[in-house]
Amino acid sequence: MILSLTWQICDEYGQFLDPDTPPLPFITREHGDWTLFCNCTEFETAQFLYTKNQMSGGDINTLILIYSTIDAIPLGEVAWESFMMKFNEETPNPSDPGTHAPWMDTPYTAWFQDPHAVVCNMLANPDFKDEMDYTPYYNAKRQWRNIMSGDWAWNQADKIAKDPETHGLTFVPVLLRSDKTTVLVATGQNNYYPLYASIGNVHNNVQCAHHNAVAVVGFLAIPKTVKEYADDVHFRKFKKQLFHSFLSQILRSFKTFMTVPEVVHFGDGHFQCVIYGLGPYIVDYPEQVILSCIVSNWCAKCFTFPTDLDGKDAQLRAQKVMDVLCDNVDFGTLWYQWGVDADIVPFTNDYPCADIHKLLSPDILHQLIKGTFKDHLVVWVEKYLERIHGKTRAKAVMDDIDRRIAAAPSFAGLRRFPQGRGFTQWTGNDSKVLMKVYLPAIEGHVPDDVVWCFRAFLEFCYLVRQDIVTDDTLKEIEEALDHFHHYRKVFQETSVRFDGFSLPRQHSLMHYTKLICMFGAPNGVCSSITESKHIKAVKQPWRRSSKFNALGQILLTNQCLDTLAAARTDFIARGMLGPHPDDGSEADDRGEVDDGGEVDDRGEVDDGAVEGAQVQCNVKLAHMPPSTIHALAEELDVPNLPQLVRLFLYNQLLADDEHTSDTMPLTACPRFQGQIKVFGSVAATFFAPSDPSGPGHYNTVFVNTGSKDGMHSMDVARVLCFFPSIFPCALIHWFKLVSDEPNPGNGMWMVKPSFLDLELNTRELSIIHINMIIRATHLLPIFGKGCVPQKATFHETLDTYRQFYVNKFADHHSFEIAS
């Protein structure tokens, strides 16, 4: 396939240049010019106090008079503007309180930054220059990854390229996100409605990494009224149309450049002619209903009837179809038979090549993690137990499930559940982590079909969260979905869901393969990125405000954060600062709560993206004071440690194809004399685009043994300590496979500790080179039908239980390795 809309560099006047033309210097000031700061220390101090410490302006000025300097930074600033809207339809009798409600006279204010200027700043950001696609693309073997790898971007470019004058332009999709958030419940509802924008050219990993690739561009008004009018049909219609009107007005600065190209300076120093288009809109289901102008409980993507959302082959919604229906069908039929709210005009009608029904993207967080898993499957298990055992016995079983969850061994990025799943405020992170340990916890308490149902659903989740999706992956996704639909029938057969499964969020799973083909891997268009931005754009600025009329203070804080980030980027581009520091201050969706309660996002970060250079793995060792081999053997209770060291040294120094430590006597192995440094723990950070793994310590690991049998040439071992002799090495206790195949029910491999003499508790130990370790793995006990003791703790789990599952749902890497 040939694409005519292929980007070309140009000069500032839009004249195309030779591709080899060098870019203009990005640097506009001399090296060493810290204006408006005196030096590097002052800038770093200002950024630390304002961004990380979040000290108030008065306190900052008490230390150093730089608060006004932050306000004066000329880089990255886009001023906040506002406009008001109010109800403008005529009522039968404006003087009659029964027909003219107070909300009709109330003006509603929206605050916004010009999104066009914000997007231009993104395109000019040198941080993104190496992680940006300038044109839609197809791989030789089809792969879906970033937005520009999807069919939607290609189709949009084809439409634009029908005009010969657009050939050689760069297509820039504008992605939108909106979501209400609550900062505090205790003193009344403090709700805010931020609108975020990003560009589809930057790669998904940049969207997820908190490098200002997603920016807040507006705060929408939230219409409220007294209870008397809350359900009034006019008020409900007004709220919906006001939302669309706000969006249309805020985005108006893009409209001209959706048909007429604009010359934009990019972060690589070149100019390009750009044409914009409205891209995927990422929202939860309630907002999808408003955006797509449909009736609640209908699907926003197709015309499937709400009482039969399991039905297949329904016609997809499209604005052309909706317009034909609205022109030819009466309002009542549209509402009840087609699920169309004909009173509302979508904002996309004001923009070219924009169809809101085609722009709604998949949402892993709300549709899969919090919707299907937390709100549906976990609740159904509890209801099943109540139907089978009665409420009293069911509570005892649920207590045991909670103890099983609490007994899960520690693992990198896995938060603790000391009380199991019995907490009232669920964040998206809580649901994500519970997914990783829930399946073995319910095994033995529920029928096999329930286990298979959870397995199919979890496999579906991890497949769609992969960074790169191929044709083979799409087939696996479809197979997992078919298995999920088949095995979830157990909940209908046991009368837990006697009315079937017509649930909009579960129905959305049926559209995932098509949406992946349209928009690339879903991890780049997930609302968890939105929830994460709430922390930085709303919650933290609100906390540092006076709490009185806080919105103005929130806007000012965001503006200062943007200018500081732009200043740092400028200093980095001029070689005056190193790369962005590791921050890790933002959780993936730590600040978002189901019931609107406030969550302290300053505490432990369980699943956040870690800023800084992206590497596959970064490992830090924490060493203890030097020791001797014999002293270490006594401390670890491994009497044969000196012999193990000698065998290891032979394998490293003298072994060949015919001679190994297994075939040579111990006397032929070299001795090691002297002190050694011992490392009792390791902190490891892995780059995982779909599911970041955070810092942790090794308990159990995958070891590359090259074995032809079992788990993909790998074995599992428990690391007792790391220490360098002549080579970096680790003392490990081997685990062996229970079976040559994974468990047929949950799909996990099973292992058990290996003993040379079980009666004497003689463990099978070895010393291996650290390069043989692939990465950490997470083991979960095979509980069977037994109950976990009341006083059991997760610290003792690996020593207490004798058989374990290799948890392939622990994270992104584990799923790829152990599937």
Side-chain angles (χ1 to χ4, degrees), residues 368-370 372-386 389 393-447 450-455 457-458 461-462 590 593-594 604 606-607 691 693-694 696 699-700 743 745-748 750 776-811 814-815:
L368 302 187
I369 298 171
K370 297 178 66 180
T372 304
F373 175 73
K374 175 232 168 185
D375 293 337
H376 299 160
L377 295 178
V378 172
V379 172
W380 295 350
V381 166
E382 187 170 353
K383 289 182 177 179
Y384 166 81
L385 294 173
E386 288 181 357
H389 301 293
R393 173 57 185 160
K395 289 181 179 178
V397 175
M398 291 304 300
D399 285 342
D400 184 62
I401 291 174
D402 286 341
R403 289 194 295 271
R404 292 181 175 191
I405 294 170
S410 57
F411 186 70
L414 187 67
R415 65 156 290 184
R416 302 289 329 135
F417 288 108
Q419 306 301 322
R421 46 160 295 283
F423 44 87
T424 57
Q425 293 183 343
W426 286 65
T427 68
N429 260 349
D430 295 328
S431 300
K432 284 182 184 178
V433 176
L434 189 62
M435 286 174 65
K436 301 176 181 183
V437 299
Y438 192 73
L439 183 52
I442 62 172
E443 196 176 43
H445 289 307
V446 295
V450 173
V451 173
W452 291 332
C453 174
F454 271 87
R455 172 192 172 179
F457 172 72
L458 291 174
C461 290
Y462 275 85
R590 191 68 182 159
V593 195
D594 290 346
E604 179 185 1
D606 295 318
D607 200 18
D691 190 10
S693 300
N699 274 336
T700 50
N743 181 284
N746 57 38
M748 299 184 192
M750 299 171 287
T777 184
H778 189 223
L779 301 186
L780 291 172
I782 299 178
F783 295 104
K785 296 186 178 180
C787 293
V788 176
Q790 294 277 355
K791 296 183 178 180
T793 65
F794 73 95
H795 302 92
E796 303 167 344
T797 299
L798 290 174
D799 298 314
T800 303
Y801 290 88
R802 290 302 181 188
Q803 292 190 349
F804 301 87
Y805 290 123
V806 179
N807 185 9
K808 71 175 184 178
F809 301 116
D811 61 19
S814 297
F815 185 77

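Keep in mind that what you see is a predicted model, and the values were worked out from it rather than measured.
- A pairwise comparison of heavy atoms in V446 and V381 identifies CG1-CG1, 4.2 Å as the closest pair.
- Looking at residues two or more places apart in sequence or on another chain, you find a side chain to side chain contact (heavy atoms under 4.5 Å, CB included) between L780 and A408, P409, V437, P440, H778, N807.
- Ion pair D399/K395 not flagged as a salt bridge, since none of the NZ, NE, NH1 or NH2 atoms sits closer than 4.0 Å to an Asp/Glu carboxylate oxygen.
- Residues M398 and R403 have side chains not in contact (no heavy-atom distance under 4.5 Å, counting atoms from C-beta outward).
- Scanning for ring pair (Phe, Tyr, Trp, His ring centres under 6.0 Å) contacts around Y801 gives F783, with sequence neighbours left out.
- Partners of H389 according to the side chain to side chain contact (heavy atoms under 4.5 Å, CB included) rule, which considers only residues two or more places apart in sequence or in another chain, are L385, R393, V397.
- For residues 781-797, no residue pair satisfies the salt bridge (Lys or Arg N to Asp or Glu O under 4.0 Å) rule, not counting sequence neighbours.
- The distance between the ring centers of F809 and Y438 does not fall below 6.0 angstrom.
- Not a single donor-acceptor pair under 3.5 Å links the side chain of R455 to the backbone N or O of L439.
- A search for side chain to side chain contact (heavy atoms under 4.5 Å, CB included) contacts involving I782 returns M750, Q803, Y805, not counting sequence neighbours.
- Minimum interatomic distance between F457 and T372 (heavy atoms only, all atoms of both residues): CE1-CG2, 3.4 Å.
- Distance check: I442 CD1 to I401 CD1 gives 6.5 Å after rounding to the nearest 0.5 Å.
- Within the 4.5 Å cutoff, the side chain of I369 has heavy atoms near those of the K432 side chain.
- Minimum interatomic distance between S431 and K370 (heavy atoms only, all atoms of both residues): OG-CG, 4.0 Å.
- The shortest non-hydrogen separation linking M435 to L458 is CE-CD2, 3.5 Å.
- For the pair F373 and L434, the minimum side-chain heavy-atom distance is below 4.5 Å.
- Separation of atoms OG1 (T797) and CZ (F804) is listed at 7.5 Å; rounding is to 0.5 Å.
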| said: Show, in sequence, the C-alpha distance, side-chain angles and deciding distance for R404 and V788, and conclude whether the side chain to side chain contact (heavy atoms under 4.5 Å, CB included) test is met. | reply: CA-CA 6 Å; R404 292 181 175 191; V788 176; 3.5 Å; yes

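- Annotation for F411 and S814: closest pair CZ-OG, 4.5 Å, computed over non-hydrogen atoms.
- Closest approach of I405 and A441 over heavy atoms only: CG1-CB, 3.8 Å.
- W380 CH2 to D375 CG: the interatomic distance, rounded to the nearest 0.5 Å, is 10.5 Å.
- The side chain to side chain contact (heavy atoms under 4.5 Å, CB included) check on R802 picks up F755, with sequence neighbours excluded.
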